[in-house]
Amino acid sequence: MMKKVNIGILGVQGDVEEHVASIKSAFHEITIDGIVSVIKYPEEIDSINGLIIPGGESTSIGKLSNVSDFHSSIKKKITQGMPVLGTCAGLIFLSNQIVQNSSNTSQKLLGSLDIETERNAFGRQHESFQSEFPIPKFGLDKFTGVFIRAPRIRSIGSNVEILAKLNDEIVAVKQGNIIGTCFHPELSNTVIFHKYLIELVRETL
Ligand code: GLN
């Protein structure tokens, strides 16, 4: 029998419940019987076959690595090919470089995704906004992205695919089993990113 899709939502901080709800809707739309679990301890990482790192506060997510072997367990599974979706602060946490300023020099990153990010880069007057842009890979002309103190992707490695751009800004990327978005797909009116993550997981089972 085929293994079940089991998506973990890193439950340390941030938009956890919204991602749980989005994954449930995505299972429903695809009509599969999957499992979604909120991950609070490193030993729970072993049982999942897909992971979401939610938005919230990347410095808090980064503190994980100081308190337990969470950091290395996640990194190991991602290196082994587990599909992962990092949104907003989750994207920052996945990145391998961050534009440094005096307040974030000790911020811990997973470094799995070959991009450089800049925190809170869309400027104060735009701390939160919605914008429409196409996502050609999903055949979508208009996706409404919700940006909340969003990071900017400053540069990407040659093996990183651009999934979406808002004007000239890269706002969603994919590198192998890793998907990252500057916006919050769990707050939009479609669960297309969650369905895509599930599809990637199904390919690994
Ligand atoms: N600005 C936050 C950070 O740096 C991210 C905001 C978000 O996830 N919505 O971590």
Side-chain angles (χ1 to χ4, degrees), residues 7-23 38-40 50-68 70-71 74-75 78 84-133 135 143-156 163-167 169-175 178-194 196-197:
I7 307 284
I9 316 290
L10 191 62
V12 180
Q13 193 268 337
D15 261 6
V16 178
E17 286 314 315
E18 291 83 351
H19 277 295
V20 169
S22 298
I23 285 291
V38 175
I39 300 296
K40 289 197 187 288
L51 176 69
I52 294 178
I53 306 177
E57 192 54 51
S58 58
T59 48
S60 306
I61 301 173
K63 288 197 178 107
L64 272 179
S65 51
N66 296 338
V67 293
S68 67
F70 231 137
H71 193 275
I74 296 173
K75 190 157 178 162
I78 295 176
V84 57
L85 167 64
T87 64
C88 204
L91 167 95
I92 299 169
F93 184 55
L94 281 167
S95 67
N96 65 2
Q97 244 184 306
I98 190 167
V99 176
Q100 295 291 353
N101 63 38
S102 55
S103 65
N104 66 18
T105 44
S106 64
Q107 183 164 358
K108 295 277 192 303
L109 305 173
L110 268 189
S112 304
L113 180 56
D114 189 13
I115 61 169
E116 183 184 40
T117 48
E118 181 183 354
R119 295 180 60 207
N120 306 323
F122 281 94
R124 282 219 174 119
Q125 74 272 35
H126 295 303
E127 281 188 331
S128 185
F129 64 95
Q130 279 191 194
S131 229
E132 283 181 345
F133 48 86
I135 307 186
F143 172 88
T144 305
V146 178
F147 295 78
I148 304 169
R149 293 181 305 123
R152 169 174 280 145
I153 298 174
R154 290 270 293 243
S155 62
I156 61 171
L163 292 184
K165 274 186 161 188
L166 167 59
N167 304 320
E169 298 281 351
I170 301 170
V171 291
V173 291
K174 176 176 186 286
Q175 181 188 336
I178 307 171
I179 314 160
T181 67
C182 296
F183 49 88
H184 286 258
E186 76 287 5
L187 300 179
S188 76
N189 53 6
T190 155
V191 291
I192 195 129
F193 278 90
H194 297 81
Y196 186 53
L197 177 71

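Just so you know, ligand 1 is whichever comes first in the structure, and atom 1 is the first atom listed for that ligand. Since we're looking at a predicted model, the values are computed, not measured. Note that the numbering runs from 1 along the sequence shown for the chain.
- Between the side chain of Glu116 and the backbone N or O of Asn96 there is no donor-acceptor pair closer than 3.5 Å.
- Contact annotation for Glu57 and ligand 1: heavy atoms of both the backbone and the side chain come within less than 4.0 Å of the ligand.
- Contact atoms of ligand 1 toward Ile148: 6 (C), 7 (C), 9 (N) (distance under 4.0 Å to a heavy atom of the residue).
- Here Ile92 has side-chain heavy atoms under 4.0 Å from ligand 1, and that is the only part of it that gets that close.
- Within the listing of ligand 1, atoms 8 (O) sit less than 4.0 angstrom from a heavy atom of Gly55.
- From the protein, the heavy atom lying nearest to atom 1 (N) of ligand 1 is Asn120 OD1, 2.4 Å.
- A salt bridge links Glu57 with Arg149; the closest basic N to acidic carboxylate O contact falls under 4.0 Å.
- Here's the thing with Thr59: none of its N/O atoms is less than 3.5 angstrom from an N/O atom of ligand 1.
- Distance from atom 7 (C) of ligand 1 to its nearest protein heavy atom, with residue and atom name: Cys88 SG, 2.8 Å.
- Among Ser58, Gly56, Ala150, the residue whose heavy atom lies nearest to atom 5 (C) of ligand 1 is Gly56.
- Looking at Ser60 and Val12, their side chains never come closer than 4.5 Å, going by heavy atoms from C-beta outward.
- The single protein non-hydrogen atom nearest to atom 4 (O) of ligand 1 is Arg119 NE, 2.5 Å, given as residue, atom name and distance.
- Side-chain N/O atoms of Ser58 and Gln107 include a donor and acceptor closer than 3.5 Å.
- By the side-chain hydrogen bond (donor to acceptor under 3.5 Å, both in side chains) test, Glu169 is found to be paired with Arg152, residues two or more places apart in sequence or in another chain being considered.
- The aromatic rings of Phe133 and Phe143 lie tilted to each other, with the angle between the two planes from 30° to 60°.
- Proximity of the aromatic rings of Phe183 and Phe193 is defined here by a centroid distance below 6.0 angstrom, and this criterion is met.
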